[in-house]
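Have a look at the structure below before the remarks.
Just so we're clear, the structure is a prediction, and the values are computed from it rather than from any experiment. The chains referred to below are lettered A, B, ... by the order of the sequence lines, with proteins before strands, and numbering in each begins at 1.
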Amino acid sequence: MWSHLREKGVKIPNISAGEIDRQVEPVLRAMENAGILIDRKVLSELQRRLEIRISKLEKEIYKAAGEKFNINSPSQMAELLFKKLKLPIFDLKKTKSGISTAAPELSKLKSKHKIIEPVLEYRELSKLVSTYLKPLPALVTKDGRIHTTYGQETSTGRMTSKNPNLQNIPIKGELGDEIRKAFIAPERMVLISADYSQIELRIVACLAQDEVMLKAFESGVDIHSKTASEIFGVPADKVTKEQRRAAKTVNFGVLYGQTSYGLSQALGINRQDAQNYIDKYFDVHTGIARYVKNMRAKADKDGYVETLFGFRRNIAELKSENWQTANAGERMAINTPVQGTAAEILKLAMIELDKEINRRPTTDDPPTGEAGRRPRLILTVHDELVAEAPEEDAESVSKMIKEVMEGAVKLCVPLEVEVAYGKNWLEAKH
DNA sequence: ACAATGGTCC
DNA sequence: ACTCGGACCATTGTA
């Protein structure tokens with residue numbers, strides 16, 4: 001499906017998607033066995049801190065409500081907010097059973113009642129405690145480490161992680177920082193984190209042969225600032241932070257087939273403005289517009305789309321009588337080649353890295369009974385790999401990982417990898 | 001046991 | 001009316 005890209009400078013290694021999956025399988029098993037070292041004390045101390053705060057918030061919420069109720073129950077929350085407190089439901093999303101109490105909806109009510117803010121904070125903190133701080137320590141094995149299970153059975157070719165899922169460890173905010181401090185390197189070792197910079201945008205630039213985007217990546221300019229300058233019609237050096245943030249949302253929205261409504265919700269602007277931005281975007285990015293059209297047509301005609309390495313996803317949804325289902329099918333057709341190709345590139349890098357790492361000797365003669373220190377891959381998070389390495393090898397292993405990842409395939413644009421290391425996962429991402 | 005709701009990540 | 005792709009998991013409430 002993408003063989004024409006060979007003439008555009010794309011060098012696709014002679015390997016199929018299925019073969020990539022087979023070859024990455026033993027690498028995944030090795031990563032599961034390796035696991036990642038956990039500092040349980042960091043988790044338990046944070047848990048204690050948050051539980052104190054949560055009980056204060058509980059009292060505050062009950063007081064503002066005038067009664068006790070189960071804060072964790074969306075139905076009881078809706079009953080309280082919209083029946084007893086009679087908060088306005090104009091503009092709020094509905095669920096099958098009633099009014100949504102999801103965070104974006106409650107945020108709209110912040111100015112209407114003093115109960116909203118503590119509820120949002122309660123939700124945030126109890127999420128962290130119940131999903132991460134409590135369960136993670138229970139999964140630490142005798143070696144002090146957590147061993148997830150990786151899978152490859154997804155509709156795009158991405159990998160999954162379960163028991164626990166280490167691909168959704170919090171990263172936003174101060175509390176995300178605190179949790180990531182609990183994922184540590186052993187004595188005299190470091191964690192190295194390496195992530196592809198905007199890999200999906202680079203892939204779509206290439207698959208779509210979008211001239212403007214190709215040039216942007218070749219010249220190394222900030223892609224979101226460039227998009228901002230295009231859709232807001234301002235010089236590149238006059239782009240505000242706010243405009244850049246909006247442009248970033250547009251860039252990612254395109255990958256998902258986002259509508260004007262979706263964009264307006266994401267940016268908190270009106271729908272017409274959102275539509276104008278999208279129109280402006282497709283005006284400039286004719287290649288992307290063509291790609292979107294082509295993927296819809298391809299899926300419609302053949303019933304499937306393909307990634308760069310030939311992974312096929314059947315999209316039966318497109319044939320649905322239900323227009324919502326059919327629209328969802330269109331978005332899958334747009335997104336799957338991009339997301340799937342990114343997954344394939346990461347897997348190729350993992351296969352190559354595993355070979356390269358195993359060529360290196362163990363650094364130490366281990367003291368009696370102790371395992372020798374040597375580099376190994378330990379985590380994979382969609383566009384990021386985390387490895388462990390002896391601290392004296394941090395620089396050389398970092399460099400090796402970066403080079404292998406950047407060279408995994410030759411696209412029409414350069415692949416860039418950001419790499420850093422430190423004593424824990426937080427430090428390794430600076 | 002299962003569906004619905006909500007929330008975390010890329 | 002509905003609206004952003006791909007995952008996993010906790011809690012509530014119903015069957």
Side-chain angles (χ1 to χ4, degrees), chain A residues 69-79 93-106 119-120 122-136 139 148-173 175-176 179-180 195-201 204 249-267 271 274-275 278 292 295 305 313 315 317 322-340 342-343 346 379-385 425:
Chain A
F69 66 105
N70 188 340
I71 307 172
N72 292 318
S73 163
S75 72
Q76 291 184 39
M77 182 63 72
E79 164 94 12
K93 210 187 324 182
K94 285 184 192 155
T95 66
K96 288 176 182 174
S97 47
I99 311 294
S100 170
T101 70
E105 308 308 310
L106 294 191
V119 164
L120 289 171
Y122 174 96
R123 284 249 186 97
E124 180 190 353
L125 302 191
S126 57
K127 175 73 179 180
L128 297 180
V129 171
S130 70
T131 306
Y132 304 101
L133 299 178
K134 275 167 95 80
L136 287 179
L139 293 166
T148 186
T149 302
Y150 290 110
Q152 301 195 73
E153 300 76 20
T154 62
S155 34
T156 60
R158 265 193 178 182
M159 291 164 286
T160 59
S161 160
K162 66 177 185 186
N163 277 310
N165 182 0
L166 294 182
Q167 295 178 327
N168 72 345
I169 301 301
I171 192 170
K172 292 188 304 186
L175 294 172
I179 289 177
R180 287 189 175 225
D195 62 282
Y196 281 111
S197 170
Q198 294 136 2
I199 188 169
E200 292 197 351
L201 287 174
V204 77
T249 304
V250 172
N251 275 329
F252 284 112
V254 166
L255 295 176
Y256 307 141
Q258 193 175 45
T259 62
S260 60
Y261 176 84
L263 182 63
S264 71
Q265 292 297 299
L267 292 180
R271 194 173 170 168
Q275 187 61 56
I278 291 173
V292 166
M295 289 310 106
V305 291
R313 178 180 187 178
I315 302 178
E317 285 85 350
N322 182 315
W323 65 267
Q324 300 168 43
T325 308
N327 277 351
E330 288 194 351
R331 293 191 290 270
M332 294 172 197
I334 294 164
N335 180 261
T336 297
V338 180
Q339 187 181 121
L346 190 77
L379 294 180
T380 170
V381 195
H382 309 307
D383 64 356
E384 173 188 13
L385 293 175
W425 201 359

Minimum-distance nucleotide to [X] side chain [options: [options]]:
| X | options | answer |
| --- | --- | --- |
| A/Lys172 | B/dC9, C/dG6, B/dT5 | B/dC9 |
| A/Pro74 | B/dT5, B/dC9, C/dC2 | B/dT5 |
| A/Asn168 | B/dC9, B/dA4, C/dG5 | B/dC9 |
| A/Asn165 | C/dC4, C/dC8, C/dG5 | C/dC8 |
| A/Ala103 | B/dT5, B/dG7, B/dT8 | B/dG7 |
| A/Asn72 | B/dG6, C/dT12, B/dT8 | C/dT12 |
| A/Ser75 | B/dC9, B/dG7, C/dG13 | C/dG13 |
| A/Thr160 | B/dC9, C/dA1, C/dC8 | C/dC8 |
| A/Tyr261 | C/dT3, C/dC2, C/dC4 | C/dT3 |

Would one find a side-chain N or O of [X] under 4.0 angstrom from OP1 or OP2 of [N]?
| X | N | value |
| --- | --- | --- |
| A/Ser73 | B/dT5 | no |
| A/Thr131 | B/dG7 | no |
| A/Lys96 | B/dA4 | yes |
| A/Gln339 | C/dA7 | no |
| A/Arg123 | B/dG6 | no |
| A/Ser161 | C/dC8 | no |

Regarding [X], tell me which of base, sugar-phosphate or nothing describes its non-hydrogen contacts under 4.0 Å with the strands shown.
| X | answer |
| --- | --- |
| A/Asn327 | nothing |
| A/Gln258 | base |
| A/Lys127 | base |
| A/Ala328 | nothing |
| A/Ile334 | nothing |
| A/Glu384 | nothing |
| A/Arg331 | sugar-phosphate |
| A/Asp195 | nothing |
| A/Thr336 | nothing |
| A/Ser126 | nothing |
| A/Thr259 | base |
| A/Ile171 | sugar-phosphate |
| A/Arg271 | base |

Report the distance from atom [atom1] of [X] to atom [atom2] of [N], rounded to the nearest whole Å.
| X | N | atom1 | atom2 | value |
| --- | --- | --- | --- | --- |
| A/Gln265 | C/dC4 | CD | P | 9 Å |
| A/Asp383 | B/dC10 | CG | C1' | 6 Å |
| A/Tyr150 | B/dC9 | OH | C1' | 13 Å |
| A/Met295 | C/dG5 | CE | P | 17 Å |
| A/Ile169 | C/dA7 | CD1 | C1' | 13 Å |
| A/Glu200 | C/dC4 | CD | P | 17 Å |
| A/Leu128 | B/dT8 | CG | P | 7 Å |
| A/Leu120 | B/dT8 | CG | P | 10 Å |

Determine, answering yes or no, if A/Tyr256 is stacked on C/dC4 under the 5.5 Å centre rule and the 30° plane rule.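 Ring-base stacking flag not set for A/Tyr256 and C/dC4.
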Taking only the [atom1] atom of each, what is the distance from [N] to [M] in whole angstrom?
| N | M | atom1 | answer |
| --- | --- | --- | --- |
| C/dT3 | B/dT5 | P | 13 Å |
| B/dG7 | C/dA1 | C1' | 25 Å |
| C/dC4 | B/dA3 | P | 25 Å |

Only pairs at least two apart or in different chains count here, so list each side chain to side chain donor-acceptor pair (under 3.5 Å) that has a residue in residues 255-264 of chain A.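 Checked against side chain to side chain donor-acceptor pair (under 3.5 Å) - neighbours excluded - the pairs reaching residues 255-264 of chain A are A/Ser260-A/Arg271, A/Ser260-A/Gln275.
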Charged N to carboxylate O under 4.0 angstrom, A/Lys162 versus A/Glu153?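 The answer is no: the pair does not qualify as a salt bridge.
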Quick check against the 3.5 Å criterion: does A/Arg180 have a side-chain atom that pairs as donor or acceptor with the backbone of A/Ile169?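 Between the backbone of A/Ile169 and the side chain of A/Arg180 there is a qualifying donor-acceptor contact (under 3.5 Å).
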Can any side-chain N or O of A/Asn163 pair as donor or acceptor with the backbone N or O of A/Thr149 at less than 3.5 Å?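 Not a single qualifying donor-acceptor pair exists.
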Quick check on DNA chain C: between A/Leu263 and A/Lys94, whose nearest nucleotide comes earlier from the 5' end?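 Mapping each residue to its closest nucleotide by heavy atoms, the 5'-most match is A/Lys94.
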Nearest 0.5 angstrom please: [X] [atom1] to [Y] [atom2], how far?
| X | Y | atom1 | atom2 | result |
| --- | --- | --- | --- | --- |
| A/Thr336 | A/Arg313 | OG1 | CZ | 4.0 Å |
| A/Thr156 | A/Arg158 | OG1 | CZ | 6.0 Å |
| A/Leu201 | A/Leu255 | CG | CG | 5.0 Å |
| A/Met332 | A/Ile315 | CE | CD1 | 7.0 Å |

Checking A/Leu125 against A/Leu175 for the side chain to side chain contact (heavy atoms under 4.5 Å, CB included) test, could you report, in this order, the C-alpha distance in whole Å, the side-chain angles of both residues, the deciding distance, and whether it holds? CA-CA 9 Å; A/Leu125 302 191; A/Leu175 294 172; 3.5 Å; yes
